[in-house]
Amino acid sequence: MARYTCSYIVSLPIAHLQPLLIELLQECNLDVQYYTSDYILAREVPGSVPFSKFVTIEVLIDKSTATETETKMNLVFKNEELPLQLDNHCRQVFEIIKQVIEDSRHWHLTKSLAG
């Protein structure tokens with residue numbers, strides 16, 4: 001199973017972060033399957049890749065450390081594909097979404113803990 005993670009601290013109150021993330025994921029042609037105030041589950045739209053390469057993205061918003069000006073979020077990208085190559089499909093989706101988040105005009109990244 002391929003799995004990639006990244007974390008960010010953004011200059012945005014928690015109440016504003018979740019709707020903006022849902023919009024951002026949908027703009028990246030991802031289907032938001034489920035969400036709560038501190039969790040979002042999105043998947044690739046079926047039909048573009050085989051099922052084993054189908055990427056699921058979980059966004060965890062850290063309510064325990066959120067302030068009026070900063071919120072931490074963790075993203076987990078995973079699929080059933082064995083990461084036998086460095087440039088596998090899950091890694092490609094990870095890099096694309098990570099770049100979209102870093103380039104977003106909706107917030108200022110206070111700290112990127114992406115890896």
Side-chain angles (χ1 to χ4, degrees):
M1 175 188 280
R3 180 182 167 108
Y4 301 94
T5 63
C6 58
S7 299
Y8 297 99
I9 298 174
V10 294
S11 294
L12 200 63
I14 195 167
H16 296 103
L17 180 59
Q18 186 246 26
L20 290 173
L21 279 171
I22 290 173
E23 180 182 327
L24 183 135
L25 292 169
Q26 290 172 335
E27 287 174 0
C28 292
N29 295 323
L30 296 167
D31 184 23
V32 176
Q33 301 278 306
Y34 177 79
Y35 61 90
T36 63
S37 61
D38 60 351
Y39 178 81
I40 301 168
L41 175 68
R43 293 186 178 155
E44 284 187 281
V45 176
S48 58
V49 295
F51 185 74
S52 64
K53 292 184 177 187
F54 208 59
V55 177
T56 300
I57 300 150
E58 292 181 283
V59 182
L60 300 111
I61 301 168
D62 190 352
K63 292 170 90 173
S64 65
T65 61
T67 67
E68 286 295 317
T69 58
E70 287 187 343
T71 306
K72 182 179 179 186
M73 62 179 174
N74 300 302
L75 290 90
V76 179
F77 297 73
K78 57 188 174 183
N79 70 1
E80 297 299 320
E81 177 183 24
L82 291 174
L84 301 175
Q85 300 173 349
L86 181 60
D87 191 28
N88 60 65
H89 180 69
C90 191
R91 178 70 181 212
Q92 292 169 355
V93 172
F94 168 74
E95 292 295 339
I96 290 168
I97 303 299
K98 189 172 84 163
Q99 192 64 51
V100 169
I101 289 170
E102 291 171 4
D103 293 343
S104 177
R105 61 177 171 77
H106 295 296
W107 53 66
H108 171 71
L109 293 177
T110 304
K111 189 171 185 181
S112 171
L113 309 169

Margin query: Can you confirm whether the side chains of E95 and Y4 place a donor and an acceptor under 3.5 Å from each other?
Written below: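 No, Y4 and E95 have no side-chain donor paired with an acceptor closer than 3.5 Å.
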Next item on the list: Write down the atom of S64, the atom of D62, and the distance for their closest heavy-atom approach.
Entry: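 So the minimum-distance heavy-atom pair works out to OG-OD1, 2.6 Å.
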Check: Under the ring-ring contact (aromatic ring centres under 6.0 Å, His included) test, which residues partner F77, sequence neighbours left out?
Finding: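 In terms of ring-ring contact (aromatic ring centres under 6.0 Å, His included), with neighbours along the sequence ignored, F77 is linked to F94.
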Let me confirm one number: the [atom1]-[atom2] distance from [X] to [Y], rounded to the nearest 0.5 Å.
| X | Y | atom1 | atom2 | value |
| --- | --- | --- | --- | --- |
| L17 | S37 | CG | OG | 11.0 Å |
| K98 | D103 | NZ | CG | 11.5 Å |
| S52 | E80 | OG | CD | 8.5 Å |

List the residues meeting side chain to side chain donor-acceptor pair (under 3.5 Å) with [X], not counting sequence neighbours, and say none if there are none.
| X | result |
| --- | --- |
| E44 | H89 |
| D31 | Q33 |
| Q92 | D87 |
| Q26 | none |

Notebook entry, point to check: With a cut-off of 6.0 Å (strictly less than), are more than 12 heavy atoms of other residues, nucleotides or ligands near CD of E68?
Noted result: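 Not more than 12 within 6.0 Å, no.
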Note to self: Between I96 and C28, is the side chain to side chain contact (heavy atoms under 4.5 Å, CB included) condition met? List the steps.
What the structure shows: CA-CA 9 Å; I96 290 168; C28 292; 5.6 Å; no
Looking at residues at least two apart in the chain, or sitting in another chain, which of them share a side chain to side chain contact (heavy atoms under 4.5 Å, CB included) with [X]?
| X | result |
| --- | --- |
| D38 | T36, I61, K63 |
| T67 | T69, E70 |
| A66 | I14, T71 |

Check: Between the side chain of N79 and the main-chain N/O of K53, is any donor-acceptor distance below 3.5 Å?
Finding: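 Flag set: sc N79 to bb K53 pair under 3.5 Å.
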Side-chain contact test, heavy atoms from C-beta onward, threshold under 4.5 Å: evaluate it for [X] versus [Y] and give yes or no.
| X | Y | result |
| --- | --- | --- |
| I40 | V32 | yes |
| L24 | I101 | yes |
| M73 | L60 | no |
| Y35 | Q18 | yes |

Linking I/L/V/M/F/W/Y whenever their side-chain heavy atoms sit closer than 4.5 Å, directly or via other members, would [X] and [Y] fall into one cluster?
| X | Y | value |
| --- | --- | --- |
| L41 | L20 | no |
| L75 | L12 | yes |
| L30 | V49 | no |
| V100 | L21 | yes |

Margin query: Assess the residue pair K72 and Y8 against the criterion (side chain to side chain contact (heavy atoms under 4.5 Å, CB included)); give the C-alpha distance rounded to whole Å, side-chain angles, the decisive distance to 0.1 Å, and a yes or no.
Written below: CA-CA 6 Å; K72 182 179 179 186; Y8 297 99; over 6 Å; no
Next item on the list: Report the residues that fulfil salt bridge (charged side-chain N to carboxylate O under 4.0 Å, His left out) with K78, sequence neighbours left out, ordered by chain and then residue number.
Entry: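 E58.
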Next item on the list: Decide yes or no on side chain to side chain contact (heavy atoms under 4.5 Å, CB included) for I57 and V76, but give the supporting numbers first.
Entry: CA-CA 6 Å; I57 300 150; V76 179; over 6 Å; no
